[in-house]
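Notes to accompany the following structure.
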Amino acid sequence: MKKIIKDACILFAITLIAGILLGIVYDVTKTPIANQNEKAKQEAYKAVVTGADKFESFGGKYAEDKVAETTKALLDASSADYSKDEITEVVVGKSGSTVVGYVITVVAHDGYGGDIKFSVGISKDGEYLGTSILSINETAGLGMRAKQDPSFLNQFNGVNVDEYKVVTDGTGTSSDEAIDAIGGSTVTSKSITKGINAALVIYADIAKSE
């Protein structure tokens, strides 16, 4: 009996010490991790709205605690099916006090290899400025080219349209809204394009209230 109590006390002490150590490690690392995550986000913002020198949270119905509800309602009301797309963040890019554009972060849940998360930049006037992929796990040499080969995402840049359409016959360059699919990766191409179209729905709502 004494041995059981002794062993239990030892186990309790080990568990207690391990818990304390884990708590200390968490406290030590949480700030650097948060800072690193924020730095990565800021870099993504700057990559898609290069003319901005600061980025601020969008207030009102696009505030951090309301953006999910607001954007889901807008996407659900759209004539297109955005049930697999989620808007996680909307921020404003400014140069001084002047609004340059908006960064809208999307998670497309219908990628071939799972979720694809990316931020898109749209100017105040509706011009598509760029895409920064934050996470992707598509097939190497195929869907991963969306991140590794800039030619696909560059097709979106510099135009002002309400919706993009994926084409698979290589003829998309003649039309602003037509996007040539990545060879062998139609699913990935459509997933990203539809996610970008979801961001355009949100931008259209923002533009109406500006």
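Start at 1 with the first residue, then count along the sequence. Below, each value reflects all heavy atoms present in this structure, side chains not excepted, and no hydrogens, waters or symmetry copies.
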Inset, instruction - State the CG-CE distance between L142 and M144, to the nearest 0.5 angstrom. - result: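 Between L142 CG and M144 CE, I get 11.0 Å after rounding to 0.5 Å.
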Inset, instruction - Could you grab the distance from atom CG of L200 to atom CG of N160, nearest 0.5 Å is fine? - result: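 Here the rounded value is 9.0 Å.
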Inset, instruction - Any chance you could lay out the side chain to side chain donor-acceptor pair (under 3.5 Å) test for E138 and T188, step after step, and finish with the verdict? - result: CA-CA 7 Å; E138 301 296 272; T188 304; 2.6 Å; yes
Legend entry - Residues Y62, D205; criterion side chain to side chain donor-acceptor pair (under 3.5 Å); working and verdict: CA-CA 11 Å; Y62 286 105; D205 181 69; 2.6 Å; yes
Inset, instruction - Decide whether E89 and Y45 meet the rule of one side-chain donor and one side-chain acceptor closer than 3.5 Å. - result: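 Checked: E89/Y45 side chains pair up, N/O donor to acceptor below 3.5 Å.
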Inset, instruction - Taking N137 for its side chain and G114 for its backbone only, find out whether a donor-acceptor pair lies under 3.5 Å. - result: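 Judged by distance alone, no pair lies under 3.5 Å.
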Legend entry - Backbone N/O of F156 and side chain of Y164: donor-acceptor pair under 3.5 Å: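 Answer holds: yes.
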Inset, instruction - Could you tell me how the ring of Y102 sits relative to the ring of Y203: parallel (under 30°), tilted (30 to 60°) or perpendicular (over 60°)? - result: tilted
Inset, instruction - Might you point out which heavy atoms bring L74 and V201 nearest each other, and give the distance in Å? - result: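 Shortest heavy-atom separation between L74 and V201 comes out as O-CG1, 4.3 Å.
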Inset, instruction - State plainly whether the residues D53 and K94 are in salt-bridge range, i.e. N to O under 4.0 Å. - result: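 No, this pair does not count.
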Legend entry - Electrostatic pair D81-K194, nearest N-O below 4.0 angstrom: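 Salt bridge between D81 and K194, a charged N being under 4.0 Å from a carboxylate O: no.
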Legend entry - Steps toward salt bridge (Lys or Arg N to Asp or Glu O under 4.0 Å) verdict (K165, E163): CA-CA 7 Å; K165 301 181 186 300; E163 182 181 35; 3.3 Å; yes
